[in-house]
Amino acid sequence: MTAADHDEESFEDFDAFWAERRQDAGGHRIRVFGELVTLPTELPMDVEWRLEAVRDLPADRARAEIEELVGLLYGDGVLERWRAHGITGRQFQVLLVYGIARASGRDVSLEDAFTQVTRAHEEQAAPFRSPRSQRSSGGSSNGTGGRSRRTSSGSTASTPPGSRR
């Protein structure tokens, strides 16, 4: 028996090992616009890599990439079906956050995903708030962060017209 024969006979089978693990796992199921979908039990590595790259793509290429990524999570052609049902941008973001979190093994609810999306929207809107709403009500003065000092009554007292001080 040669070394090559020995190597061929003695090996661990990753494919068989992983097939057993995947049978035990079972994916999380979610109903979206009347369609029951089973999410992957793990986030496909391709999704992780492509999510990073999609941020730098032009809009037309990013749209096609996002459609493919959503297909990896929820199934081929699902984005087109969601559009036909009138999905909103916020609903889409919630489903994307939810699907990625679930496929990553995190136990999140749709409410958790909605809260995360809402918080992100509020943080993005923060620079566009009016200056008055950006100020804290903590009693600070002149933007210094400290409280203003009490002014003496002598320096704020009004002087009647015609009188000298």
Side-chain angles (χ1 to χ4, degrees), residues 1-131 133-138 140 143 145:
M1 181 187 293
T2 66
D5 292 334
H6 180 58
D7 287 342
E8 193 63 32
E9 292 174 16
S10 173
F11 64 91
E12 287 194 64
D13 189 340
F14 177 79
D15 298 336
F17 167 80
W18 208 251
E20 285 180 28
R21 298 304 168 273
R22 293 188 62 92
Q23 286 175 357
D24 296 343
H28 181 77
R29 294 169 25 138
I30 177 175
R31 183 182 322 276
V32 182
F33 298 115
E35 184 178 344
L36 195 57
V37 179
T38 302
L39 294 168
T41 56
E42 291 185 78
L43 190 63
M45 193 171 186
D46 200 32
V47 170
E48 293 181 46
W49 287 351
R50 291 164 79 178
L51 275 174
E52 291 298 319
V54 78
R55 294 180 186 139
D56 300 325
L57 293 176
D60 59 331
R61 287 190 49 216
R63 180 175 294 146
E65 191 72 14
I66 289 170
E67 191 160 348
E68 288 182 38
L69 292 171
V70 170
L72 289 170
L73 289 171
Y74 286 97
D76 290 336
V78 74
L79 192 53
E80 197 56 44
R81 292 191 301 275
W82 290 353
R83 277 195 225 130
H85 280 282
I87 191 169
T88 67
R90 179 82 46 112
Q91 289 172 325
F92 173 73
Q93 290 172 342
V94 168
L95 286 168
L96 193 58
V97 166
Y98 180 81
I100 290 170
R102 279 294 185 160
S104 297
R106 293 194 314 257
D107 186 22
V108 299
S109 66
L110 286 167
E111 184 68 34
D112 295 333
F114 177 79
T115 300
Q116 185 177 343
V117 168
T118 301
R119 196 174 301 135
H121 278 269
E122 289 169 354
E123 289 170 4
Q124 284 180 346
F128 302 108
R129 288 188 193 142
S130 69
S133 67
Q134 287 180 352
R135 280 189 227 135
S136 72
S137 59
S140 60

Quiz item: side-chain hydrogen bond (donor to acceptor under 3.5 Å, both in side chains) with E52: which residues, sequence neighbours excluded?
Solution: R55
Quiz item: Can you list the residues that meet the ring-ring contact (aromatic ring centres under 6.0 Å, His included) rule with H121, with sequence neighbours excluded?
Solution: none
Quiz prompt | Atom CZ of R63 with >12 non-hydrogen neighbours under 6.0 angstrom | solution = no
Self-check item: Value rounded to 0.5 Å, distance of CZ in R81 from CD1 in I87
Solution: 12.0 Å
Self-check item: L36 to R31 - nearest heavy-atom pair and separation
Solution: CD1-N, 4.1 Å
Quiz item: With a cut-off of 6.0 Å (strictly less than), are more than 12 heavy atoms of other residues, nucleotides or ligands near CZ of R61?
Solution: no
Practice problem: Test side chain to side chain contact (heavy atoms under 4.5 Å, CB included) on H28 and D107 and set out the steps. | Solution: CA-CA 10 Å; H28 181 77; D107 186 22; over 6 Å; no
Quiz prompt | Gap between atom CD of Q93 and atom CD of Q116 - 0.5 Å precision | solution = 10.5 Å
Quiz prompt | Ion pair check, R119 and E122, cut-off under 4.0 Å | solution = no
Quiz item: How close do V54 and L51 get, heavy atom to heavy atom, and via which atoms?
Solution: CG1-O, 3.2 Å
Quiz item: Is the closest side-chain heavy-atom distance between Y98 and V32 below 4.5 Å?
Solution: no
Please list every donor-acceptor pair under 3.5 Å in which a side-chain atom of residues 70-78 meets a protein atom from a residue at least two apart or in another chain.
unit_1, atom_1, unit_2, atom_2, d
Y74, OH, L95, O, 2.6
Y74, OH, G99, N, 3.4

Exercise. Establish, from distance only, whether the side-chain atoms of D112 and S109 form a donor-acceptor pair under 3.5 Å.
Key: yes
Quiz item: Can you check side chain to side chain contact (heavy atoms under 4.5 Å, CB included) on I30 and L110, steps first, answer last?
Solution: CA-CA 10 Å; I30 177 175; L110 286 167; 3.9 Å; yes
Practice problem: Give, for atom NE2 of H85 and atom CD of E35, the distance between the pair rounded to the nearest 0.5 Å. | Solution: 7.5 Å
